[in-house]
Protein chains: 2
Amino acid sequence: MSTALTVEEAWAGLPATAQRLLVAGLETFGENGYHGTSTRAIAQRAGMSPAALYMHFPTKEDLLFEIARTGHEVHFARVRAAADAAGPDPSARVAAIVEASVLFHAEHHSLARTIQYEHPSLAPDHQRALLKIRRDTESFLADAVTEGVASGAFAPDDAPTAALALMSLAIDVARWYPSQRRRSPTQIATSYTHLALRLLRP
Amino acid sequence: MSTALTVEEAWAGLPATAQRLLVAGLETFGENGYHGTSTRAIAQRAGMSPAALYMHFPTKEDLLFEIARTGHEVHFARVRAAADAAGPDPSARVAAIVEASVLFHAEHHSLARTIQYEHPSLAPDHQRALLKIRRDTESFLADAVTEGVASGAFAPDDAPTAALALMSLAIDVARWYPSQRRRSPTQIATSYTHLALRLLRP
DNA sequence: CCTACCGATCGGTAGG
DNA sequence: CCTACCGATCGGTAGG
């Protein structure tokens with residue numbers, strides 16, 4: 001169970017060369033996609049020979065999985081940490097979750113794109129493992145929304161659908177950021193958090 | 001200027017073989033991505049030899065551009081048609097736009113994924129051409145939201161930001177559809193339209 | 001962890 | 001629009 005709040009932290013125990021390959025992979029996958037990135041390009045970016053990658057990862061797909069898995073776990077850990085810090089009030093909890101998720105997708109948009117769009121490039125077993133983390137993350141948000149419904153703070157037609165929509169809002173930031181208007185991740189997170197509460201209010 | 005409401009309609013004037021290649025490309029790009037799709041796979045799906053593609057398109061990238069360009073135009077045309085049919089009321093117009101866009105991204109999720117996620121695979125010139133259509137589409141929605149602000153029907157903090165968020169909601173459907181719960185495109189469109197109006201109301 | 005190399009496949013073309 | 005082919009590059013391995 002990972003509670004690391006950054007990928008660097010999550011990979012801290014690995015050999016330095018493996019860490020460099022993971023970071024190089026994360027960046028190139030985010031820029032050119034999995035199939036648009038060669039193992040040679042990753043190795044070169046990490047300052048190593050083409051064969052070095054296979055010292056640490058059995059296949060290119062295993063490297064992608066390690067990146068995607070860690071990314072999913074870091075995202076979930078940040079969302080939980082933000083909710084914990086927000087205390088018991090449902091509005092504060094939902095606001096903290098949306099803010100943390102939007103921040104993650106803006107600040108780490110290269111990692112986030114890999115997480116969100118390279119899912120079909122993974123082996124079925126690996127897809128299933130990540131789907132579990134996704135569902136847990138979405139349930140965590142849906143539970144916070146449901147608490148708000150119980151307390152009378154929120155009144156969406158359907159809590160799970162509203163939670164899915166809020167996740168969509170955060171996830172899609174990774175697609176367009178930073179091409180849109182000149183706004184910082186913090187500014188985007190603030191306005192999206194506000195939109196989320198507007199959407200949920202009675 | 002294209003007013004076609006389907007890609008088939010937009011490509012009706014092209015040779016039958018070119019049409020088959022475009023449809024095969026649209027499907028395979030949507031399933032495996034641009035770099036995950038070989039020109040041979042496209043030609044085979046269209047029932048032709050590997051070289052046939054180059055009778056109709058100078059390069060693989062030109063085929064992608066033709067698909068992405070048509071997809072953008074069809075989406076914009078549907079959004080405009082829906083707004084026109086909705087009449088002058090801002091709430092009805094925004095609802096019609098969101099509904100049409102969500103429907104498009106669910107029913108044509110393979111095309112929509114290509115449009116939204118393969119943008120970086122295109123040449124800079126081609127990216128610019130599509131960016132123009134995207135901006136026009138987003139402005140069209142932003143204008144409808146602004147009309148609603150003027151009439152008192154809506155009260156978002158910032159109309160362009162709200163419009164961007166509504167587009168995100170629709171676009172992200174292409175990422176997860178149809179993996180989520182068993183709901184039809186029409187059902188999804190209806191609940192997302194409702195969420196959009198909740199988000200905008202004073 | 002590197003050099004050297006494998007067979008397979010890639011985008012694209014020659015020539016008909 | 002097909003057959004046959006081009007050089008380049010791919011993921012991955014042998015052997016040290």
Next on the checklist: Between His105(A) and His75(A) (judged by ring centroids, cut-off 6.0 Å), do the two rings come close enough to count as a pair?
Outcome noted: yes
Once you round it to whole Å, what is the distance between [atom2] of [N] and [atom1] of [X]?
X	N	atom1	atom2	value
Lys60(A)	dT9(D)	NZ	P	15 Å
Ile42(A)	dT9(D)	CD1	C1'	15 Å
Gln19(A)	dC1(C)	CD	C1'	17 Å
Leu63(B)	dG11(C)	CG	C1'	13 Å
Tyr34(A)	dC10(D)	OH	P	13 Å
Gln44(B)	dG11(C)	CD	P	13 Å
Phe57(A)	dT13(D)	CZ	P	15 Å

Among [options], which nucleotide has an atom closest to any side-chain atom of [X]?
X	options	result
Ala52(B)	dG12(D), dC1(D), dC1(C)	dC1(D)
Arg40(B)	dC1(D), dC2(C), dG11(C)	dG11(C)
His56(A)	dC1(D), dC1(C), dC2(C)	dC1(C)
Met55(A)	dG12(D), dC1(D), dC1(C)	dC1(C)
Tyr54(B)	dA4(D), dC2(C), dG12(C)	dG12(C)
Met48(B)	dC2(D), dG12(D), dC1(C)	dC2(D)

Side-chain N or O of [X] less than 4.0 angstrom from OP1 or OP2 on [N]?
X	N	value
Thr59(B)	dG11(C)	no
Thr39(B)	dG11(C)	yes
Ser38(B)	dC10(C)	yes

Checklist entry - So which one's nearest nucleotide on DNA chain C is more toward 5', Thr37(B) or Pro50(A)? => result Pro50(A)
Item to check | Residue closer to the 5' end of DNA chain C, Leu53(B) versus Gly47(A) (nearest nucleotide) | outcome: Gly47(A)
Item to check | Lys/Arg N to Asp/Glu carboxylate O, Glu73(A) vs Arg69(A), below 4.0 Å | outcome: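 Salt bridge present between Glu73(A) and Arg69(A).
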Next on the checklist: On the six-membered ring of Phe76(A), is Arg80(A) placed so that its NZ or CZ lies under 6.0 angstrom from the centre and within 45° of the ring axis?
Outcome noted: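 The answer is yes, since Arg80(A) meets both limits relative to Phe76(A).
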Next on the checklist: So Ala51(B), base contact, sugar-phosphate only, or nothing? Heavy-atom distance under 4.0 Å.
Outcome noted: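 Base contact - Ala51(B) has a heavy atom under 4.0 Å of at least one base atom.
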Checklist entry - In terms of heavy-atom contacts, does CD of Gln127(B) have more than 12 from other residues, nucleotides or ligands at under 6.0 Å? => result yes
Item to check | Heavy-atom donor-acceptor pair, Glu31(A) side chain to Thr28(A) backbone, under 3.5 Å | outcome: no
Item to check | Backbone of Arg175(B) reached by a side-chain donor or acceptor of Tyr117(A) within 3.5 Å | outcome: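 Not at all, since once roles are kept as given, no pair shorter than 3.5 Å links the two residues.
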Checklist entry - Which one is paired to dG7(D), where only Watson-Crick or G-U wobble pairs with both distances under 3.5 angstrom count? => result dC10(C)
Item to check | Watson-Crick or G-U counterpart of dC1(D), or none if no pair lies under 3.5 Å | outcome: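 dG16(C) is the nucleotide pairing with dC1(D).
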